[in-house]
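Single-structure report; data block below.
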Amino acid sequence: MAVNRISERALRKLMNERIPEDSLCVVKFYSNGCEYCTALHEYYTEISDEYGEEENVHFFAFNIGDVEDVKEIIKINGVPTIAAVKTGLLKPRIRILEDPEPPNKKTWYYAKDIKNFVDKEK
């Protein structure tokens with residue numbers, strides 16, 4: 001399964017509107033100038049491929065440089081950040097993967113932590 005880049009408009013809709021389809025949308029927030037974000041790309045793509053058989057799990061990436069203030073859309077402390085948005089509810093349920101302690105020195109998040117997060121939120 002490919003990771004699709006999501007537009008600001010689509011992200012706002014995902015975060016704020018009722019979407020009838022019951023699914024889990026995993027969104028990686030990144031910046032082009034972030035070394036962790038660049039290094040995380042490969043892990044994130046591999047993880048999306050592992051979930052490729054599951055119809056109700058979708059992987060997206062959002063460049064925070066596409067908006068003036070990302071905090072108008074979602075409260076994040078920095079990048080990279082991984083969020084899970086559960087749709088099919090009256091209002092989308094949004095969860096943020098906690099920062100690892102200690103963080104991976106190359107990619108910030110560990111692949112196993114992302115997988116556990118996705119499995120927990122499904």
Side-chain angles (χ1 to χ4, degrees):
M1 169 181 275
V3 174
N4 294 304
R5 187 166 176 202
I6 191 169
S7 70
E8 176 186 357
R9 181 176 178 202
L11 181 65
R12 286 182 186 275
K13 180 176 181 172
L14 178 65
M15 298 288 182
N16 297 309
E17 296 180 22
R18 184 179 186 282
I19 298 171
E21 178 187 347
D22 181 18
S23 64
L24 179 68
C25 298
V26 183
V27 182
K28 176 184 77 167
F29 292 86
Y30 72 96
S31 169
N32 289 335
C34 169
E35 291 180 31
Y36 290 121
C37 299
T38 302
L40 183 61
H41 175 77
E42 185 177 334
Y43 281 161
Y44 190 69
T45 301
E46 288 173 5
I47 293 167
S48 76
D49 289 343
E50 289 180 34
Y51 287 91
E53 299 298 317
E54 298 185 36
E55 294 178 17
N56 294 335
V57 180
H58 309 280
F59 286 80
F60 298 101
F62 182 77
N63 185 343
I64 64 165
D66 290 348
V67 295
E68 283 188 35
D69 187 5
V70 73
K71 291 184 179 185
E72 289 179 8
I73 302 171
I74 185 171
K75 306 275 189 272
I76 61 173
N77 292 325
V79 290
T81 293
I82 305 289
V85 182
K86 181 72 173 167
T87 64
L89 309 169
L90 290 177
K91 182 177 180 185
R93 182 186 74 216
I94 303 166
R95 303 268 195 259
I96 305 283
L97 176 58
E98 292 183 22
D99 289 340
E101 195 55 51
N104 182 311
K105 292 179 181 178
K106 181 180 177 189
T107 61
W108 191 258
Y109 291 110
Y110 294 92
K112 67 177 175 52
D113 293 336
I114 296 171
K115 291 178 196 178
N116 289 340
F117 178 65
V118 171
D119 289 338
K120 179 182 166 193
E121 296 300 322
K122 285 195 296 186

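The shown structure was predicted, so the numbers you read here are calculated from the model rather than taken from an experiment.
- In this structure, the separation between CZ on Arg12 and CZ on Arg9 is 12.0 Å, given to the nearest 0.5 Å.
- Put simply, the side chain of His58 does not reach to within 4.5 Å of the side chain of Tyr51, judged on heavy atoms.
- Of all the heavy atoms in Pro102 and Tyr110, the pair that sits closest is O-CE1, 3.2 Å.
- Note on Leu97 and Ile76: separate hydrophobic clusters, where clusters join Ile, Leu, Val, Met, Phe, Trp and Tyr whose side-chain heavy atoms are under 4.5 Å apart, directly or indirectly.
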Apply side-chain contact (heavy atoms from CB on, under 4.5 Å) to the pair Ile74 and Met15, showing each step before the final yes or no. CA-CA 8 Å; Ile74 185 171; Met15 298 288 182; 3.8 Å; yes
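- Grouping the Ile, Leu, Val, Met, Phe, Trp and Tyr side chains by contacts below 4.5 angstrom, directly or via other members, places Ile94 apart from Leu24.
- Residues Asn77 and Ile96 fail the side-chain proximity criterion, which asks for heavy atoms closer than 4.5 Å.
- How far CG of Leu89 is from CZ of Arg18: 8.0 Å, rounded to the nearest 0.5 Å.
- A pairwise comparison of heavy atoms in Lys86 and Glu121 identifies CD-O, 4.1 Å as the closest pair.
- Between Val67 and Glu72 the shortest side-chain heavy-atom distance does not fall below 4.5 Å.
- At a threshold of 4.5 Å between non-hydrogen side-chain atoms, the residues Thr107 and His41 do not count as touching.
- Between Leu11 and Phe29, some side-chain heavy-atom pair lies under the 4.5 Å cut-off.
- Contact annotation: the side chain of Ile114 approaches that of Leu40 to within less than 4.5 Å [non-hydrogen atoms, C-beta and beyond].
- Side chain of Thr87 to main chain of Ser23: a donor-acceptor pair is present (N/O by atom type, distance under 3.5 Å, no hydrogens or angles).
- Under the 4.5 Å side-chain heavy-atom criterion for grouping Ile, Leu, Val, Met, Phe, Trp and Tyr, Val118 is connected to Trp108 within one hydrophobic cluster.
- Counting non-hydrogen atoms of other residues, nucleotides and ligands closer than 6.0 Å to CD of Glu68 gives a total of 12 or fewer.
- Contacts of Glu46 classified as salt bridge (charged side-chain N to carboxylate O under 4.0 Å, His left out), with partners at least two apart in sequence or in another chain: none.
- Connection of Val26 to Ile47 is established within a shared hydrophobic cluster, with ILVMFWY side chains joined at heavy-atom distances below 4.5 Å, either directly or through further cluster members.
- Environment of NZ in Lys122: crowded, with over 12 heavy atoms of neighbouring residues, nucleotides or ligands closer than 6.0 Å.
- Tracing side-chain contacts under 4.5 Å through hydrophobic residues (I, L, V, M, F, W, Y), one reaches Phe62 starting from Phe60; they form part of the same cluster.
- The distance from atom NZ of Lys106 to atom CD of Glu42, rounded to the nearest 0.5 Å, is 6.5 Å.
- Note that CG of Asp66 is 10.0 Å distant from OG of Ser31, once rounded to the nearest 0.5 Å.
- Side chain of Tyr36 to backbone of Tyr30: no donor-acceptor contact under 3.5 angstrom is found.
- You'll find the side chain of Asp113 stays beyond 4.5 Å of the side chain of Asn104, heavy atoms only.
- To the nearest 0.5 Å, atom CD1 of residue Ile64 and atom SG of residue Cys34 are 8.5 Å apart.
- Considering every non-hydrogen atom in both Ser48 and Thr45, the closest pair reads OG-O, 2.7 Å.
- No side-chain donor-acceptor contact under 3.5 Å links Arg95 to the backbone of Phe117.
- Between Tyr44 and Phe59, the two ring planes are perpendicular [angle over 60°; tilted spans 30° to 60°].
- Contact between Ile19 and Lys13 at its shortest, heavy atoms only, is CD1-O, 4.2 Å.
- In this structure, OH in Tyr109 is found 9.5 Å from CD in Glu98, a value given to the nearest 0.5 Å.
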